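As the structure is a computational prediction, the values presented were derived from the model and not from experiment.
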Amino acid sequence: MSNESNPIRIVIADEHPIFRQDLRRSLESEPGLHILGEACDANGTLELARQNKPDILMIDFALCQQFEVRALNDSGSRLTPVRVVVTVGAIEKSQLVEAFRRGAHGVVLKQSTPGVLLKSIQSVMAGQYWLERESVGVLVEALRESFTQGNGRKSAKDYGLTRREVDIITKIASGRSNKEVGEEFAISERTVKHHLTNIFGKVGVSSRLQLALFAVNQHFMTGSTPALALHSVQSDDDV
């Protein structure tokens, strides 16, 4: 995971200096973490990311909205992939959905203890999505509402999904990595990625987390609660 000789490198981005200082103190109290710097706006965040190439960007929700748009529109940007943990003042449906739709790997409360902050960072670095267990239900409810307002509940056949694709969806939603899915079905990781690309297009999602929520909403999951399924979903760079 990390150690003091190979720490997880972090950039903090938030408009409020007091929160940045508090967050920095909390993170620096944990071994294996190294704070590369702080930013108070989108431009500063991009500059720090370019110069320091962090493993983790801990960014305020409001700044996250600006950061994604600016990064995507900056044709000269050659940012090394960074895992994003969004910090929020309260768990609100709209912010959870927006954060994950924008590509966040985790959402954590600003008032979280140093231990929870560390756990969120370690989980994201391990290739998982992070959301405190008590907040998973809020996200599931919000996504179910959005699915209902859109296509509602349909069968696998309505989406044009094959039996193999449904099997892959359930495995991904249960937390399997591409490698594990490939081994289980005796296919290559490349074939798994090809299947996922097709699945994403058919059901209208863009990440493994959204696919897991889709599986929960469509009742593809059996013997697994939404909280357990979503908490273990691997990010695998979303394909």
- To the nearest 0.5 Å, what is the distance between CG (Leu131) and NE2 (His105)? 14.0 Å
- What distance separates Lys193 NZ from Thr197 OG1, expressed to the nearest 0.5 Å? 9.0 Å
- Message: Please evaluate residues Ile56 and Val124 with respect to the criterion side-chain contact (heavy atoms from CB on, under 4.5 Å), reporting the C-alpha separation (whole Å), side-chain torsions for both, the decisive distance (0.1 Å), and the verdict.
- Response: CA-CA 8 Å; Ile56 295 284; Val124 168; 3.8 Å; yes
- Message: Just verifying a value: how many Å separate Ile10 CD1 and Leu57 CG, rounded to the nearest 0.5 Å?
- Response: 10.0 Å
- Task: Mark yes or no: Arg208 above the aromatic ring of Tyr129, with NZ or CZ under 6.0 Å from the six-membered ring centre and no more than 45 degrees from the axis.
- Result: no
- Message: Any side-chain to backbone donor/acceptor pair from Gln95 onto Glu92? Under 3.5 Å, distance only.
- Response: no
- Message: Looking only at the side chains, is there a donor atom on one of Ser188 and Thr191 sitting less than 3.5 Å from an acceptor on the other?
- Response: yes
- Message: If we ignore hydrogens and angles and just use 3.5 Å, is the side chain of Arg9 paired with the main-chain N or O of Lys53 as donor and acceptor?
- Response: yes
- Output for pair (Gln21 CD, Arg25 CZ), nearest 0.5 Å, gives 6.0 Å
- Answer yes or no: is there an ion pair linking Glu189 with Lys179, defined by an N-O contact shorter than 4.0 Å? no
- Please list all pairs passing the side-chain hydrogen bond (donor to acceptor under 3.5 Å, both in side chains) test where one or both residues lie in residues 10-19, with sequence neighbours left out. Asp14-Lys110
- Item | Lys171 with Glu180: basic N within carboxylate O range, under 4.0 Å | no
- Interatomic distance, CG@Leu109 vs OG1@Thr87, rounded to 0.5 Å, equals 9.5 Å
